[in-house]
Amino acid sequence: MAKLYGKITGWGAYAPPRIVTNHDLEATLDTSHDWIVQRTGIHARHVADANETTSTMAVKASWSALAKAGIPSTELDLILVATSSPDYFTPPVSSMVQSMLGAHDVPAMTIVTGCTGFVYALVTAYQFIETGVYRNILVVGVELLSRFVNWEERSVSVLFGDAAGAVVVQPTAEPCGLEGFVLGSDGSNGQHIIMPAGGSARPFSEDVLQEGSHYLQMNGREVFKFATRVIGPSCDEALRLAGKSMADVDWIIPHQANLRIIQAAARDMDIPLDRWIVNIDQYANTSAASIPLALAESLESGRVKPTDTLLLVSFGAGMTWASAVLQMQPS
């Protein structure tokens with residue numbers, strides 16, 4: 001049997017039309033546009049309206065990806081949805097997306113690894129493609145984090161936005177696809193990005209509500225230290241496994257958590273910032289959606305070509321990290 005490779009044939013993204021700027025936040029928070037930009041690089045974020053959910057955003061990005069790939073949803077073999085902000089604990093949001101797409105009886109699963117979720121899901125999709133088990137896989141990264149932050153707390157609320165990104169992966173006999181990857185986790189430091197209550201460890205209660213411990217909490221200093229520690233080594237290891245060097249990479253697409261983290265990584269790796277795809281200024285941190293959103297936006301603008309060699313790198317809750325060397329389509 002001929003070796004199979006995975007090829008990304010379609011991509012799409014969705015961001016809610018409502019935009020909340022830093023100047024908007026000045027009216028309700030003890031903060032300023034300059035303070036937010038200096039510490040994060042964020043100028044604005046997209047925030048979902050009341051009638052939008054994680055599943056509806058995922059579906060909008062998915063329809064765009066399916067249209068680009070030229071296949072109907074009924075031909076999908078697998079749906080992978082990466083998110084930490086599902087509509088419900090159960091049913092799985094992946095099953096809701098499957099139903100809303102009309103992909104009858106197609107297996108679907110949710111991958112919950114925080115901001116690294118899309119890369120984890122993409123790596124999983126390539127395994128199914130390369131082994132010949134499935135032919136048409138939809139991979140979605142989506143987050144609606146505006147419902148899980150305390151908008152009266154400036155240290156967290158200014159950081160996040162809502163969005164979705166999706167890709168379709170299909171098999172080809174021409175060499176391309178996932179060339180090397182690294183996935184990692186250090187659960188001993190999981191407390192640095194945590195939603196302390198609402199799960200089985202501490203179910204929702206009146207005390208939880210009064211404390212506000214059902215909101216997302218983050219130790220920004222520790223996250224910064226973690227991210228800058230893992231980005232370079234994980235990229236180096238993914239490149240080593242791919243048999244490539246940084247000179248072979250056309251673009252680095254990092255998780256858009258904080259511009260200062262990206263700048264620090266660029267300095268540490270001695271890679272000019274103009275080789276990094278950065279859109280955090282307009283979207284803020286969209287967690288599992290950040291990489292597919294940046295990828296789809298860059299492809300649509302023509303800045304990134306499908307035949308380019310890409311280095312995807314992410315880090316986040318867990319604490320987890322993920323890097324992948326990817327050539328989407330044969331050159």
Ignoring hydrogens and angles, state whether a donor on the side chain of T307 or S331 is under 3.5 Å from an acceptor on the partner side chain.
no
Side chain of D162, backbone of L145: donor and acceptor closer than 3.5 Å?
yes
Determine, for F224 and R260, whether the Lys NZ or Arg CZ falls below 6.0 Å from the six-membered ring centre while staying within 45 degrees of the axis.
yes
Any donor-acceptor pair under 3.5 Å linking the side chain of T54 with the backbone of S85?
yes
Is a side-chain donor-acceptor pair under 3.5 Å present for Y14 with E52?
yes
With a 4.5 Å cut-off on side-chain heavy atoms, are F128 and V169 touching?
no
Is there a donor-acceptor contact under 3.5 Å linking the side chains of S298 and S301?
no
Decide yes or no on ring-ring contact (aromatic ring centres under 6.0 Å, His included) for F226 and H192, but give the supporting numbers first.
CA-CA 10 Å; F226 165 77; H192 295 316; 8.8 Å; no
As a test of understanding, state which of L29, L159, N22, T21 forms a side chain to side chain contact (heavy atoms under 4.5 Å, CB included) with I36.
N22
To the nearest 0.5 Å, how far apart are CD1 in I8 and CG in L326?
5.0 Å
Among the clusters formed by ILVMFWY side chains lying less than 4.5 Å apart, do L295 and V249 turn up in the same one?
no
Side chains of E143 and T83: do they bring a donor and an acceptor to under 3.5 Å?
yes
What is the minimum heavy-atom distance between A289 and A163, and which atoms define it?
CB-O, 3.3 Å
What pair of heavy atoms forms the shortest contact from S64 to G12, and how long is it?
CB-CA, 3.8 Å
Does atom CZ (R154) have a neighbourhood of more than 12 heavy atoms from anything else shown, all under 6.0 Å?
yes
Is there a side-chain contact between S234 and V313, using heavy atoms and a 4.5 Å cut-off?
yes
Can you give me the closest heavy-atom contact between V230 and W321, atom names plus distance?
CG2-CB, 4.0 Å
Nearest-0.5 Å distance that lies between atom CD1 in I19 and atom CG in D24:
10.0 Å
Do E26 and S32 pass the side-chain hydrogen bond (donor to acceptor under 3.5 Å, both in side chains) test, and can you show the C-alpha distance, the side-chain angles, and the key distance before you say yes or no?
CA-CA 5 Å; E26 288 176 337; S32 69; 4.9 Å; no
Within a radius of less than 6.0 Å around CG of D49, do more than 12 heavy atoms belonging to other residues, nucleotides or ligands occur?
yes
Tell me if the CG atom of D207 is crowded by more than 12 foreign heavy atoms within 6.0 Å.
yes
Decide yes or no for V47 and W151: does some side-chain heavy atom of the first lie under 4.5 Å from some side-chain heavy atom of the second?
yes
Does atom CD of E206 have more than 12 heavy-atom neighbours from other groups under 6.0 Å away?
no
So does N136 get a backbone contact from the side chain of D77, meaning a donor-acceptor N/O pair under 3.5 Å?
yes
Please check if the side chain of S99 supplies one atom and the backbone of M96 the other of a donor-acceptor pair under 3.5 Å.
no
Report the relative orientation of the aromatic rings in H214 and F204; use parallel for angles under 30°, tilted for 30 to 60°, perpendicular for over 60°.
perpendicular
Is it true that S188 and D186 share a donor-acceptor pair across their side chains at a distance under 3.5 Å?
yes
Without hydrogens or angle criteria, can the side chains of T110 and S94 be said to hold a donor-acceptor pair below 3.5 Å?
yes
Is any side-chain heavy atom of D281 less than 4.5 Å from a side-chain heavy atom of I42?
no
Can you tell if the side chain of E237 reaches within under 4.5 Å of the side chain of F181, non-hydrogen atoms only?
no
Hydrogens and angles aside, do N258 and T40 bring a side-chain donor and acceptor to less than 3.5 Å of each other?
no
For the residue pair K3 and Y5, would you count it as a cation-pi contact if the rule is NZ or CZ under 6.0 angstrom from the ring centre and within 45 degrees of the ring axis?
yes
What are the two closest heavy atoms between S146 and A48, and how far apart are they?
OG-N, 4.3 Å
Is a side-chain donor or acceptor of E153 paired with a backbone partner of S155 at a separation under 3.5 angstrom?
yes
Value for CD1 (I277) from CG (L310), rounded to nearest 0.5 Å, stands at 8.5 Å
Quick one, W11 with M328, criterion side-chain contact (heavy atoms from CB on, under 4.5 Å). Give me CA distance, side-chain angles, the key distance, then yes/no.
CA-CA 11 Å; W11 52 86; M328 292 173 50; 3.8 Å; yes
Between Y126 and L312, is there shared hydrophobic-cluster membership here, with clusters defined by ILVMFWY side-chain heavy atoms closer than 4.5 Å?
yes
Does CD in Q127 sit with more than 12 non-hydrogen atoms of other residues, nucleotides or ligands closer than 6.0 Å?
yes
Can you tell me how far apart CD (Q170) and CD1 (I129) are? Round to the nearest 0.5 Å.
7.5 Å
Measure the shortest side-chain to side-chain distance between S314 and I291 over non-hydrogen atoms and say whether it is less than 4.5 angstrom.
yes
When you look at V278 and Q256, which way does the side-chain contact (heavy atoms from CB on, under 4.5 Å) test go after all the steps?
CA-CA 7 Å; V278 180; Q256 312 286 312; 3.7 Å; yes
Salt bridge or not between K68 and E300? Use side-chain N to carboxylate O under 4.0 Å.
yes
Within-4.5 Å side-chain heavy-atom neighbours: M57 and P16:
yes
Nearest 0.5 Å, please: how far is CG in L76 from CZ in R135?
13.0 Å
Honestly curious: do I71 and V59 fall in one hydrophobic cluster under the side-chain, below-4.5 Å linking rule?
yes
Gap separating the CZ atom of R45 from the CD1 atom of I280, nearest 0.5 angstrom:
9.5 Å
Is L241 reachable from V119 through a run of I, L, V, M, F, W or Y residues, each pair having side-chain heavy atoms under 4.5 Å apart?
no
Return the minimal non-hydrogen interatomic distance between T320 and A317, and the atom names on each side.
OG1-O, 3.0 Å
Answer with yes or no whether the hydrophobic clustering places W63 together with L78; edges join I, L, V, M, F, W, Y residues whose side-chain heavy atoms lie under 4.5 Å apart.
no
Please give me the minimum heavy-atom distance between C115 and N285, naming the atom from each residue.
SG-OD1, 4.4 Å
Would you sort out whether I252 and M246 count as a side-chain contact (heavy atoms from CB on, under 4.5 Å), showing the intermediate values?
CA-CA 10 Å; I252 303 171; M246 196 62 74; 4.1 Å; yes
Please work out whether the ring planes of F315 and H255 are parallel, tilted or perpendicular, with thresholds of 30° and 60°.
perpendicular
Between N279 and E297: side-chain donor-acceptor atoms closer than 3.5 Å
yes
Are any non-hydrogen side-chain atoms of M109 and T124 less than 4.5 angstrom apart?
yes
Side chains of T309 and D248: any donor to acceptor distance under 3.5 Å?
no
